[in-house]
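Here the structure is laid out as structure tokens; the discussion comes afterwards.
Counting from 1, the numbers follow the sequence of the chain as shown. Remember, it's 1-based here, ligands and their atoms both numbered in the order they're listed.
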Amino acid sequence: MADSKASLSIDGNVVADLPILKGSAGNDVIDIRTLGGAGYFTYDPGFLATASCESEITFIDGDKGVLQHRGYPIDSLAKQADYLEVCYILLNGSAPTKAQYDEFTKIITNHTMVHEKLVHFFHGFLPDAHPMAMLCGVVGALSSFYHSDLDINEPDQRMRSAHRLIAKMPTIAAMAYKYSIGQPFVYPRNDLSYAENFLHMLFSVPAEEYVVSPTVARAMDRIFTLHADHEQNASTSTVRLAGSSGANPYACIAAGVASLWGPAHGGANEACLTMLEEIGSLDRVDEFVAKAKDKSDPFRLMGFGHRVYKNFDPRATVMRETCHEVLSELGIKDPLLDVAMALEKVALEDPYFIEKKLYPNVDFYSGIILKAIGIPTNMFTVIFAMSRTVGWIAHWDEMLGQPGQKIGRPRQKYTGEIDREFVPLSDR
Ligand code: CMC
């Protein structure tokens, strides 16, 4: 509903009256849908000030460091709920009753296995393939297993796809890892929690029993929770755009995985560890901080800064606590972790980072935790993708359930040649 209007005048002439729409929180939005008719497009590469959709799922106030899923603050969810409860909330809109939670957990647990034919897809990859490459391919391939359940206009079928994806992502992620290190695939165990089962599939071998550490399982569950959704980020927007054409959910999630892979997004946790390895020792921290501040050097401190959070990242606050808890409970000594802690201290006190509001982000701390619990670096982004699957699918489902949903089709400011005479190849 329009609450007020903005008038767009060009050279003193009003060319459009644009309704201003209010959400339940956050900035009002100017509805520019009729502007094309007046002969103008808006120009906003990088979507710095563009609301691409209407959503009830996640609210962020970057200046105040607020992140809420369905109205519940992220620190309450991280400390008082487990990941599957957060998945339920994201998908269904409100916290479940105990019976609803038990039923949801049972459904997810009962979908953890993958079709045995899917296993063969892995054997087509070279052993040194990046696990994200395998994840992209195999998740997309899931669409070929559920032909009869891909009607995107059927809410029940959409929800079944959501359940399958949440359940099977850890199985596929662990298979990608096992394949890359030449160990046999480990089948899921339905007597374990979501986080425990993932650790089991990742670390157990047929030759001996693997006992899951409760500290590690708790940290892993928290990493899943803190990455579960984050409003209209690059990968979620990718999933929405792919889904807007009516593409099936597995193909859309594969597109989300691809977008997340980049180092400016989900690839930052892996890039952060690679950077810590490059720094290598405490005496080189200052040198790398200077590089990050040098305008002529493209180097950035990976794991620092965020497009939306300009004071602090509320996920990073919880993740930082978990990080210190894990390091002290597991009594881990690793020179790289000392480098990370020194970098955190320098950057938090350095005027360049303070002025530009560059704080350690969630991926700085999650990278350190994952390293501390023995997860290989190339699996970091895979774990982010697993955790974010629920957010992607919740947004996809919300979009398809909205009346008047349209294919996403941005316009452009064209800067190329125009009306050129084409000369046939034989005359050039
Ligand atoms: N190290 C050094 N300088 C930086 C950094 C950094 N990590 N990030 C931004 N800056 C500087 C940048 O050079 C620019 O300086 P100036 O105004 O003098 O030109 C200023 O800060 C603003 O940077 P920007 O690129 O315009 O900011 P953005 O909002 O477009 O980018 C970002 C946000 C996250 C892509 C960026 O901060 C970055 O590349 N960080 C490192 C990668 C990273 O950790 N990404 C994970 C984000 S959290 C996980 C997720 O949600 O996906």
Touching ligand 1 at all, [X]? Heavy atoms, strictly under 4.0 Å?
X	answer
N233	no
Y352	yes
K310	yes

With [atom] as the reference point, say which of [options] has the nearest heavy atom.
atom	options	value
atom 31 (O) of ligand 1	K357, R300, H230	R300
atom 28 (P) of ligand 1	K291, R307, R315	R307
atom 34 (C) of ligand 1	G62, A316, G305	G305

Which of the atoms in ligand 1, numbered in the order shown and given with their element, are less than 4.0 Å from a heavy-atom of [X]?
X	value
A264	45 (N), 46 (C), 47 (C)
A268	43 (C), 44 (O), 45 (N), 46 (C)
H265	46 (C), 50 (C), 52 (O)
G303	43 (C), 44 (O)

### Query
Can you check side chain to side chain contact (heavy atoms under 4.5 Å, CB included) on H130 and M379, steps first, answer last?
CA-CA 9 Å; H130 195 288; M379 282 296 289; over 6 Å; no
Quick one: look up the protein heavy atom nearest [atom] and list residue, atom name and how far away it is.
atom	value
atom 2 (C) of ligand 1	A292 O, 3.8 Å
atom 47 (C) of ligand 1	N361 ND2, 3.7 Å
atom 1 (N) of ligand 1	L301 N, 3.1 Å
atom 48 (S) of ligand 1	H306 CD2, 3.4 Å
atom 49 (C) of ligand 1	D363 OD2, 3.0 Å
atom 9 (C) of ligand 1	L358 CD2, 3.4 Å
atom 20 (C) of ligand 1	K356 CD, 3.9 Å
atom 42 (C) of ligand 1	M302 CE, 3.4 Å

Look at [X] together with [Y] and state whether they make a salt bridge at an N to O cut-off of under 4.0 Å.
X	Y	value
R284	E278	no
R158	E154	no
E325	R218	yes
R160	D149	yes

### Message
Given the ring of Y43, does K413 sit roughly above its face, with NZ or CZ under 6.0 Å from the centre of the six-membered ring and within 45° of the axis?
### Response
yes
#### Entry: L260 and ligand 1 - part of the residue with a heavy-atom distance under 4.0 Å
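For L260, no heavy atom sits under 4.0 Å from ligand 1.
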### Query
Any idea which part of K295 is under 4.0 Å from ligand 1, heavy-atom wise: side chain, backbone, both or neither?
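Under 4.0 Å from ligand 1, K295 contributes side-chain atoms alone.
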### Task
Could you point out which residue of V114, I107, I108 forms a side chain to side chain contact (heavy atoms under 4.5 Å, CB included) with H111?
I107
### Task
Establish whether atom 26 (O) of ligand 1 and some protein heavy atom are separated by less than 4.0 angstrom.
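Flag for atom 26 (O) of ligand 1 set to false, no protein heavy atom closer than 4.0 Å.
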### Query
Could any protein non-hydrogen atom be found less than 4.0 Å from atom 22 (C) of ligand 1?
no
Side chains of [X] and [Y]: closer than 4.5 Å at any heavy-atom pair?
X	Y	result
V138	F125	yes
L118	K168	no
K406	M399	no

Give me the ring orientation class for [X] and [Y]: parallel if the planes are under 30° apart, tilted from 30 to 60°, perpendicular past 60°.
X	Y	result
H306	H230	perpendicular
Y179	H123	perpendicular
Y83	Y194	tilted

### F304 N/O under 3.5 Å from ligand 1 N/O
yes
### Query
Can you tell me if D31 uses its side chain to pair, donor with acceptor, with the backbone of R33 under 3.5 Å?
yes
